[in-house]
Amino acid sequence: MSLDDATEARLIAAARAAAVHAYVPYSDYPVGAALLFDDGAIITGCNTENASYGLSLCAETVAVAKALGEGRRGGLVAVAVIGLAAGADPITPCGRCRQMLNEVAALGASDPLVLCVGEAEVRRVPLSVLLPHAFGPSNLA
Ligand code: THU
């Protein structure tokens with residue numbers, strides 16, 4: 001499915017709504033992520049921190065785990081990610097999250113468009129640009 005304006009707006013709204021549930025007592029930096037699949041489904045995640053700081057999970061990673069846990073294996077069309085800090089510039093997924101997103105994308109041979117949502121700007125970058133020469137499931141086949 002293509003990413004028309006209305007769909008893009010719906011995906012961004014879902015990421016923003018997900019960030020509201022972020023558990024961020026340590027960073028106070030809420031992040032929301034929303035994954036759009038080719039059947040129109042949207043699966044969201046928020047960052048989930050831990051008193052043992054290094055165990056904290058990013059929003060995109062939580063969304064990927066939810067998607068895989070619900071049986072999704074590919075079909076990833078687009079991703080929106082948003083940080084809710086005041087005056088926030090667009091944020092791109094961290095390195096680990098790029099790798100996590102690549103797993104779902106690779107299973108369906110898609111190259112999802114990543115919408116990096118800031119207050120004044122949406123930066124649109126294909127995952128393959130964020131993570132070129134990715135290691136993926138096919139390397140282990
Ligand atoms: N964070 C995300 O959720 N996604 C990213 O792509 C970058 C960082 C979270 C991790 C931590 O809870 C907070 O933002 C500050 O680093």
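Reckoned from all heavy atoms, side chains included, excluding hydrogens, waters and symmetry mates. Just so you know, ligand 1 is whichever comes first in the structure, and atom 1 is the first atom listed for that ligand.
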Partner residues of Y29 under the ring pair (Phe, Tyr, Trp, His ring centres under 6.0 Å) criterion, sequence neighbours left out: none
N-O pairing of D38 and R72 below 4.0 Å: no
Check: T92/R98 side-chain N/O donor and acceptor closer than 3.5 Å: yes
Check: S128/D111 side-chain N/O donor and acceptor closer than 3.5 Å: yes
Remaining members of the apolar cluster that contains F135, side-chain heavy atoms under 4.5 Å: L140
Under 4.5 Å side-chain linkage, directly or through intermediates, the cluster mates of V24: none
Ligand 1: which protein N/O atoms lie under 3.5 Å from its N/O atoms?
{"from": "ligand 1", "atom 1": "3 (O)", "to": "A59", "atom 2": "N", "distance (Å)": "2.9"}
{"from": "ligand 1", "atom 1": "4 (N)", "to": "E60", "atom 2": "OE1", "distance (Å)": "2.8"}
{"from": "ligand 1", "atom 1": "6 (O)", "to": "E60", "atom 2": "OE1", "distance (Å)": "3.4"}
{"from": "ligand 1", "atom 1": "6 (O)", "to": "E60", "atom 2": "OE2", "distance (Å)": "2.7"}
{"from": "ligand 1", "atom 1": "6 (O)", "to": "C94", "atom 2": "N", "distance (Å)": "3.0"}
{"from": "ligand 1", "atom 1": "12 (O)", "to": "N47", "atom 2": "ND2", "distance (Å)": "2.9"}
{"from": "ligand 1", "atom 1": "12 (O)", "to": "E49", "atom 2": "OE2", "distance (Å)": "2.5"}
{"from": "ligand 1", "atom 1": "14 (O)", "to": "N47", "atom 2": "ND2", "distance (Å)": "3.4"}

